[in-house]
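Notes to accompany the following structure.
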Number of protein chains: 2
Amino acid sequence: MARAATTSDVFNAIAEPQRRKILVLLRAGERPVTELAVELGMTQPGASKHLRVLREVGLVRDRKAGKHRLYGLDARGLRPVHEWTGGFERFWNESFDRLDAYVRDLKQARQEE
Amino acid sequence: MARAATTSDVFNAIAEPQRRKILVLLRAGERPVTELAVELGMTQPGASKHLRVLREVGLVRDRKAGKHRLYGLDARGLRPVHEWTGGFERFWNESFDRLDAYVRDLKQARQEE
DNA sequence: CCCACGCTTTCCCATATGGGTATATGATAG
DNA sequence: CTATCATATACCCATATGGGAAAGCGTGGG
């Protein structure tokens with residue numbers, strides 16, 4: 001088996017930095033591909049491909065607007081990711097404490113040598 | 001260029017389903033690789049490789065325990081992901097409304113035909 | 001002191017990329 | 001109806017996988 005397809009799920013889709021940038025850019029409003037490509041500093045076909053992935057996992061919608069095709073955000077798909085990571089909320093504090101204690105122990109141990 | 005390395009950042013690391021499973025499993029406490037491999041239904045080397053990735057992005061720590069090496073959760077790295085997706089919170093409601101309105105418009109338009 | 005056990009690394013594959021370039025589509029404005 | 005502009009696809013690469021099998025290794029324990 002190889003790596004999973006980026007279109008397989010939202011987690012995979014947002015693993016790509018450029019795609020995350022696109023989502024952030026779209027928070028400011030709808031945009032045509034060309035504009036996004038410029039802001040990303042990549043070619044138009046490149047941007048198109050990322051948008052395709054985002055569209056396939058449903059994070060982005062497109063609509064015709066005159067001569068342009070405007071891409072817009074549909075952030076609902078990010079909610080599961082937010083919730084999944086949220087399931088670790090109590091752990092990231094807890095582990096912080098543990099690590100903290102761990103470091104303290106180390107220092108203490110060193111002093112007692 | 002190819003796809004970015006899974007070890008490049010947390011987003012990439014958690015893009016893999018098995019790795020997400022590992023993190024969930026570790027919420028129940030530390031575990032040796034062998035045990036995780038069984039719970040994941042994969043070979044032990046396979047599990048080891050996933051753990052390596054998680055370790056490299058800092059989502060997991062390991063410590064020696066007798067003859068075993070116990071892997072434990074360090075969820076702090078998930079916080080940025082939680083926060084990043086959180087930045088879209090107001091959008092996933094908003095876009096819901098928009099879509100809703102969009103669908104309503106469509107229906108209306110169809111009736112008026 | 002040495003061995004067996006638990007893990008990690010190394011190989012070997014098939015596959016899915018992320019990108020750029022060149023080309024095919026498509027739909028809009030005249 | 002058609003020339004054009006905006007996008008999407010088709011190719012072509014180099015690369016980084018996720019997996020299993022097999023071999024390497026470190027060290028805990030007897």
Side-chain angles (χ1 to χ4, degrees), chain A residues 1-26 29-72, chain B residues 1-26 29-72:
Chain A
M1 206 183 276
R3 195 181 231 186
T6 54
T7 56
S8 58
D9 71 339
V10 176
F11 280 93
N12 238 310
I14 66 172
E16 226 290 318
Q18 299 286 43
R19 284 196 288 268
R20 287 202 296 279
K21 261 193 214 169
I22 289 179
L23 294 177
V24 170
L25 285 170
L26 291 183
E30 299 177 313
R31 271 191 186 56
V33 186
T34 322
E35 214 171 298
L36 289 171
V38 173
E39 306 204 60
L40 294 174
M42 62 161 59
T43 62
Q44 171 270 310
S48 257
K49 278 185 281 190
H50 281 308
L51 284 168
R52 177 189 174 80
V53 171
L54 291 173
R55 208 191 320 144
E56 288 185 353
V57 299
L59 286 174
V60 141
R61 282 174 293 133
D62 62 303
R63 84 183 160 85
K64 314 283 315 182
K67 209 159 192 174
H68 286 264
R69 170 178 291 261
L70 293 181
Y71 278 89
Chain B
M1 208 183 275
R3 196 181 229 183
T6 55
T7 55
S8 57
D9 71 340
V10 175
F11 281 92
N12 237 310
I14 66 173
E16 227 291 317
Q18 298 286 43
R19 284 197 287 268
R20 287 202 297 279
K21 260 193 213 168
I22 289 178
L23 294 177
V24 170
L25 286 171
L26 291 183
E30 298 178 313
R31 272 191 185 56
V33 186
T34 323
E35 215 170 297
L36 288 172
V38 173
E39 306 204 61
L40 294 175
M42 62 160 60
T43 62
Q44 173 271 310
S48 254
K49 279 185 278 190
H50 281 309
L51 284 168
R52 177 188 173 79
V53 171
L54 291 172
R55 207 189 322 145
E56 288 185 354
V57 299
L59 287 174
V60 142
R61 282 174 291 134
D62 62 305
R63 85 186 158 83
K64 315 280 319 182
K67 210 158 190 173
H68 286 265
R69 170 178 292 260
L70 293 180
Y71 278 89

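Chain letters run A, B, ... following the sequence lines, proteins first and then strands; every chain starts at 1. Every heavy atom of this structure was used, including side-chain atoms; hydrogens, water molecules and symmetry mates were not.
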Look at A/R69 and C/dA27 and indicate whether a side-chain polar atom (N or O) is within less than 4.0 Å of OP1 or OP2.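 Answer no for this pair, as no side-chain N or O of A/R69 is under 4.0 Å from OP1 or OP2.
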Quick one: is A/Y71 getting a side-chain N or O under 4.0 Å of the D/dA6 phosphate, OP1 or OP2?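 It does not, given that no N or O in the side chain of A/Y71 lies less than 4.0 Å from OP1 or OP2 of D/dA6.
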Can you check the [X] [atom1] to [N] [atom2] distance for me, whole Å?
X: B/F11; N: C/dG18; atom1: CZ; atom2: C1'; answer: 18 Å
X: B/E56; N: D/dG18; atom1: CD; atom2: P; answer: 12 Å
X: B/I22; N: C/dC7; atom1: CD1; atom2: P; answer: 13 Å
X: B/N12; N: C/dG18; atom1: CG; atom2: C1'; answer: 12 Å
X: B/D62; N: D/dT27; atom1: CG; atom2: C1'; answer: 15 Å
X: B/D9; N: D/dT17; atom1: CG; atom2: P; answer: 11 Å

Side chain to side chain contact (heavy atoms under 4.5 Å, CB included) with A/R52: which residues, sequence neighbours excluded?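 Checked A/R52 against side chain to side chain contact (heavy atoms under 4.5 Å, CB included); matches are A/R55, A/E56.
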DNA chain C contacts made by residues 31-53 of chain A, counting heavy atoms under 4.0 Å: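 Contacts with DNA chain C under 4.0 Å: A/M42, A/T43, A/P45, A/K49, A/H50.
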Return the 5'-most residue of the pair A/A4, A/K64 with respect to DNA chain C, ranking by each residue's nearest nucleotide.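 Looking at DNA chain C, the more 5' nearest nucleotide goes with A/A4.
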Quick one: on DNA chain C, does A/Q18 or A/M1 contact a more 5' nucleotide (nearest heavy atom)?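 It is A/M1, whose closest nucleotide lies nearer the 5' terminus.
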Would you call A/R19 and A/T6 a side-chain contact if the rule is heavy atoms closer than 4.5 Å?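 A side-chain contact under 4.5 Å exists here.
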Check whether any side-chain heavy atom of B/L59 lies under 4.5 Å from a side-chain heavy atom of B/I14, and answer yes or no.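 Contact flag for B/L59/B/I14 side chains = yes.
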Given that B/E16 and A/R55 both sit by DNA chain D, which one's nearest nucleotide is further toward the 5' end?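 Closest to the 5' end, via its nearest nucleotide, is A/R55.
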Please produce a list of atom pairs where a protein N or O lies less than 3.5 Å from an N or O of nucleotides 24-26 of chain D.
none

Donor-acceptor pairs under 3.5 Å, side chain of residues 40-49 of chain A to any protein atom, not counting sequence neighbours: which ones?
unit_1 : atom_1 : unit_2 : atom_2 : d
A/T43  : OG1    : A/G46  : N      : 3.3
A/Q44  : NE2    : A/S48  : OG     : 3.2

Once side chain to side chain donor-acceptor pair (under 3.5 Å) is applied, do any residues pair with B/Q18, and if so which ones, sequence neighbours excluded?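 Listed in chain order: nothing, the list is empty.
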Does A/R69 have any side chain to side chain donor-acceptor pair (under 3.5 Å) partners at least two apart in sequence or in another chain, and if so, which?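 So A/R69 forms a side chain to side chain donor-acceptor pair (under 3.5 Å) with A/D62.
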Might you point out which heavy atoms bring B/A15 and A/N12 nearest each other, and give the distance in Å?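 For B/A15 and A/N12, the tightest heavy-atom pair comes out as O-ND2, 3.6 Å.
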From the list D/dT15, D/dT17, C/dG6, which nucleotide is the closest neighbour of the side chain of B/A5?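 So the nucleotide nearest the side chain must be D/dT17.
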So how far is it from B/L36 CG to B/I22 CD1, rounded to the nearest 0.5 Å?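 It is 6.0 Å, given to the nearest 0.5 Å.
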Is the backbone of A/L70 close enough, under 3.5 Å, to the side chain of A/R63 for a donor and an acceptor to pair up by distance?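 Flag not set: sc A/R63 to bb A/L70 has no pair under 3.5 Å.
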